[in-house]
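Letters A, B, ... are given to chains in the order of the sequence lines, protein chains preceding strands, and every chain is numbered from 1. The basis for the numbers below is simple: all heavy atoms, side chains too, and nothing from hydrogens, waters or symmetry mates.
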There are 2 protein chains.
Amino acid sequence: MAGGAVLPTKENHAETFARLRDAHAREVTEDYVEMIADLIVEEGEARAVSLAERFGVTPATVNNTIKRLERDGFVSSRPYRSIFLTEAGQALADKCRERHQIVYDFLIALGLDAKIAEFDAEGIEHHVSAETLEVFRKFTEARKTGD
Amino acid sequence: MAGGAVLPTKENHAETFARLRDAHAREVTEDYVEMIADLIVEEGEARAVSLAERFGVTPATVNNTIKRLERDGFVSSRPYRSIFLTEAGQALADKCRERHQIVYDFLIALGLDAKIAEFDAEGIEHHVSAETLEVFRKFTEARKTGD
DNA sequence: AAATCAATTTAGCATGGGCTAACTTTTTGC
DNA sequence: GCAAAAAGTTAGCCCATGCTAAATTGATTT
């Protein structure tokens with residue numbers, strides 16, 4: 001069965017994949033600002049060592065990435081000090097947290113296990129359009145207020 | 001509101017992100033074998049020029065990628081000739097096509113526009129666990145057979 | 001205050017996945 | 001059958017994202 005997806009025209013393919021590549025470029029940025037925001041809440045500050053531990057990468061990698069985020073205006077940091085979000089970084093973190101929560105809640109509303117919902121949300125959140133996110137949100141809401 | 005996601009323990013974070021990085025490493029491979037399979041069906045063969053056009057990249061990039069896929073055992077090709085899937089490549093393409101269709105159908109079942117469903121499916125499909133995929137499939141089925 | 005330990009940074013490397021420009025091979029059209 | 005066009009390949013470049021090893025800085029402890 002599986003009702004035959006509308007085949008995108010050739011011309012659309014290229015655009016689709018270009019947008020996907022862009023999306024991927026933002027993923028690491030989003031994961032970092034989200035995690036930095038979490039750390040500031042949970043531990044009072046965001047240290048490179050904590051980021052390294054949570055992402056499962058080396059401190060050197062964190063350093064690299066933080067430099068990129070700083071270059072791109074999402075964080076500020078001084079040598080040997082902890083890491084701060086700029087306004088842009090905070091705004092992005094807020095957006096990401098909200099989006100993550102909506103995706104997570106949606107997966108839970110569908111009946112998925114918390115562990116799986118958490119993992120899948122982490123992957124899916126970066127690839128959900130505003131429209132789809134809104135549909136997810138409404139669906140969860142409907143389930144909560146009693147179908 | 002937004003029912004408070006279970007916070008993964010610190011130890012789980014690293015594993016989550018390691019798996020996400022793995023998932024990303026497979027995305028391009030999956031997109032390529034899927035597209036190669038499509039081209040063989042649609043045009044009788046998969047040429048580098050068609051892949052380049054559909055992905056919106058240069059022929060040189062396609063060449064690079066095909067070399068990697070060949071190294072990894074998913075495709076076979078001879079210089080200046082078209083590209084073939086190995087058994088492993090075909091199996092992966094089949095799996096991806098099915099998964100893509102399930103995600104697409106699910107988004108459609110949720111009421112999303114075909115264009116948006118197609119784009120979001122392309123991003124989401126690589127990040128859906130077997131469990132979530134099964135829930136998607138059942139949901140779509142339920143909607144079809146009349147709530 | 002010095003020594004030690006933890007955290008951070010730097011240097012140098014690899015791979016993936018893009019690019020352009022130049023070149024070779026294959027296909028096509030006369 | 002040859003010339004031009006199309007397709008494919010190669011070389012050399014770039015950036016993102018990872019790594020290890022070594023150097024440096026900051027914090028702690030005696």
Side-chain angles (χ1 to χ4, degrees), chain A residues 10 13-33 35-36 39 43-84 122-123 126, chain B residues 13-36 39 43-84 122-123 126:
Chain A
K10 259 183 217 177
H13 275 304
E15 199 206 331
T16 295
F17 287 101
R19 282 168 63 194
L20 280 174
R21 286 190 295 271
D22 285 353
H24 178 250
R26 271 192 302 271
E27 285 179 35
V28 171
T29 297
E30 294 181 345
D31 287 340
Y32 267 71
V33 297
M35 191 67 89
I36 290 167
L39 283 170
E43 309 188 348
E45 63 175 350
R47 311 278 332 191
V49 67
S50 302
L51 287 169
E53 186 183 73
R54 298 216 179 176
F55 285 125
V57 300
T58 64
T61 296
V62 168
N63 215 263
N64 263 347
T65 306
I66 292 301
K67 284 224 175 72
R68 227 182 12 262
L69 296 194
E70 197 158 16
R71 182 201 63 190
D72 295 344
F74 294 111
V75 309
S76 66
S77 73
R78 295 194 322 290
Y80 299 99
R81 288 280 127 71
S82 63
I83 298 146
F84 300 90
E122 201 69 60
H126 304 286
Chain B
H13 276 303
E15 200 206 330
T16 295
F17 287 102
R19 283 167 65 194
L20 280 174
R21 287 191 294 271
D22 285 353
H24 177 251
R26 271 192 303 272
E27 285 179 34
V28 171
T29 297
E30 294 181 347
D31 287 341
Y32 267 71
V33 297
E34 217 178 331
M35 190 68 88
I36 290 167
L39 283 170
E43 308 187 350
E45 62 175 351
R47 311 277 334 191
V49 66
S50 302
L51 288 169
E53 186 182 73
R54 297 216 181 177
F55 285 124
V57 299
T58 63
T61 296
V62 168
N63 216 265
N64 263 346
T65 306
I66 292 301
K67 284 223 174 73
R68 219 174 30 254
L69 296 194
E70 197 158 16
R71 182 201 65 188
D72 295 344
F74 294 113
V75 309
S76 66
S77 72
R78 295 194 322 290
Y80 300 100
R81 289 279 125 74
S82 62
I83 297 147
F84 300 91
E122 201 69 60
H126 304 286

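Atom CD of residue B:Glu53 and atom CG of residue B:Leu39 lie 9.5 Å apart, to the nearest 0.5 angstrom.
Taking atom CD of residue B:Glu70 and atom C1' of nucleotide D:dT9, one finds them 13 Å apart after rounding to whole Å. As a whole-Å value, the separation of A:Leu69 CG from D:dA16 P is 11 Å. Rounded to whole Å, the distance from NZ on A:Lys67 to P on D:dA16 is 13 Å. Rounded to a whole Å, the CZ atom of A:Phe55 is 12 Å from the P atom of D:dC19. Put simply, CD on B:Glu45 is 11 Å from P on D:dA7, counting in whole angstrom units. Whole-Å rounding puts the A:Asn63 CG to D:dA22 C1' distance at 14 Å. A:Asn64 has its CG atom 17 Å from the P atom of D:dC14, to the nearest Å.
No donor-acceptor distance shorter than 3.5 angstrom exists from the side chain of B:Thr61 to the backbone of B:Val57, with no hydrogens or angles considered.
Within residues 76-84 of chain B, the residues that place at least one heavy atom under 4.0 Å from DNA chain C are, in residue-number order, B:Tyr80, B:Arg81.
With salt bridges taken as basic N to acidic carboxylate O contacts below 4.0 Å, none links B:Arg54 and B:Glu34.
Backbone-only engagement by B:Val28 is indicated by non-hydrogen atom pairs under 4.0 Å involving sugar-phosphate atoms exclusively.
In this view, A:Tyr32 and A:Phe55 satisfy the ring-ring contact (aromatic ring centres under 6.0 Å, His included) rule, not counting sequence neighbours. Listed by chain and residue number, B:Arg99 satisfy the salt bridge (charged side-chain N to carboxylate O under 4.0 Å, His left out) test with B:Glu30 (two or more places apart in sequence, or in another chain). With sequence neighbours excluded, no residue satisfies side chain to side chain donor-acceptor pair (under 3.5 Å) with B:Thr29.
Comparing atom distances between the B:Ala60 side chain and each of D:dG18, D:dA11, D:dT20 picks out D:dA11 as nearest.
In terms of position on DNA chain D, the residue among A:Asp72 and B:Val49 whose nearest nucleotide sits closer to the 5' end is B:Val49.
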List the atom pairs, with distances to 0.1 Å, where a side-chain N or O of residues 72-84 of chain B and a protein N or O form a donor-acceptor pair under 3.5 Å, not counting sequence neighbours.
unit_1: B:Ser77; atom_1: OG; unit_2: B:Glu70; atom_2: OE1; d: 3.2
unit_1: B:Ser82; atom_1: OG; unit_2: B:Glu45; atom_2: OE1; d: 3.2

Report task. Report the C-alpha distance between A:Val62 and A:Val49 in whole Å, list the side-chain angles of each, state the deciding distance to 0.1 Å, and finish with yes or no for side chain to side chain contact (heavy atoms under 4.5 Å, CB included). Result -> CA-CA 8 Å; A:Val62 168; A:Val49 67; over 6 Å; no
Query raised in the report: For B:Asn63 and B:Lys67, what are the C-alpha separation, side-chain angles and deciding distance, and is it a side chain to side chain contact (heavy atoms under 4.5 Å, CB included)?
Result: CA-CA 6 Å; B:Asn63 216 265; B:Lys67 284 223 174 73; 3.3 Å; yes
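The shortest distance between the side-chain N/O atoms of A:Arg26 and the OP1/OP2 oxygens of D:dA16 is not below 4.0 Å.
Contacts between chain B and DNA chain C, taken as any atom within less than 4.0 angstrom of a protein heavy atom, begin and end at C:dG16 to C:dT27.
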